[in-house]
Amino acid sequence: MLYALTALFILQLLGELLVQLLGLPLPGALAGMLLLLAALLAYGRIPQALESTAGSLLQNMMLLFIPAIAGVMLHFDRIAREWLPFLVAGIVGAAITLVVTAWTLRWLLRDSADARPREQEQAP
């Protein structure tokens with residue numbers, strides 16, 4: 001678990017450095033996630049330590065949102081003044097997420113359905 005957390009933190013740090021050095025218009029944590037994705041694609045599989053650590057983090061994800069929620073509450077007066085953009089962004093973001101998730105699931109199910117007949121033909 002220690003190696004997996006260290007790798008995650010190092011990749012986040014590299015992402016932050018990359019964003020700062022190149023002046024990229026995205027969060028450093030996102031750049032670190034993209035670096036993690038590239039490393040996992042290059043490696044070809046997910047290491048067991050990373051898989052179990054990520055599973056533990058995902059099971060307790062709500063705890064990770066507490067600082068962000070507290071930060072939002074510090075700016076509650078601004079949110080009260082500008083509530084419409086927040087509402088529109090939330091609804092549009094949720095709709096986009098729903099559409100992309102449905103499209104991805106449909107695409108994955110289509111690929112798995114296409115692969116099944118070939119597997120059955122090869123069986124003696």
Is there a path from [X] to [Y] through hydrophobic residues (I, L, V, M, F, W, Y) whose side chains come within less than 4.5 Å of each other?
X: L98; Y: I96; result: no
X: L30; Y: L24; result: yes
X: L57; Y: L36; result: yes
X: L35; Y: I46; result: yes
X: I10; Y: L40; result: yes

Next item on the list: Check whether any side-chain heavy atom of W103 sits under 4.5 Å from a side-chain heavy atom of R106, and report yes or no.
Entry: no
Check: Can you name the closest pair of heavy atoms from A29 and Q12 and give their distance?
Finding: CB-NE2, 4.0 Å
Notebook entry, point to check: Closest approach of V19 and A31, non-hydrogen atoms and distance?
Noted result: CG2-CB, 3.8 Å
Which atom pairs, donor and acceptor, lie under 3.5 Å between side-chain atoms of residues 59-85 and protein residues at least two apart or in another chain?
from, atom 1, to, atom 2, distance (Å)
N60, ND2, S56, O, 3.1

Check: So, does S52 use its side chain to make a donor-acceptor pair with the main chain of A49 at under 3.5 Å?
Finding: yes
Could you state the interatomic distance from [atom1] ([X]) to [atom2] ([Y]), rounded to the nearest 0.5 Å?
X: T104; Y: W107; atom1: OG1; atom2: CH2; answer: 8.0 Å
X: T53; Y: L2; atom1: OG1; atom2: CG; answer: 9.0 Å
X: L8; Y: L13; atom1: CG; atom2: CG; answer: 12.5 Å
X: L18; Y: L11; atom1: CG; atom2: CG; answer: 11.5 Å

Notebook entry, point to check: For atom CZ of F86, is the number of surrounding heavy atoms from other residues, nucleotides or ligands below 6.0 Å larger than 12?
Noted result: yes
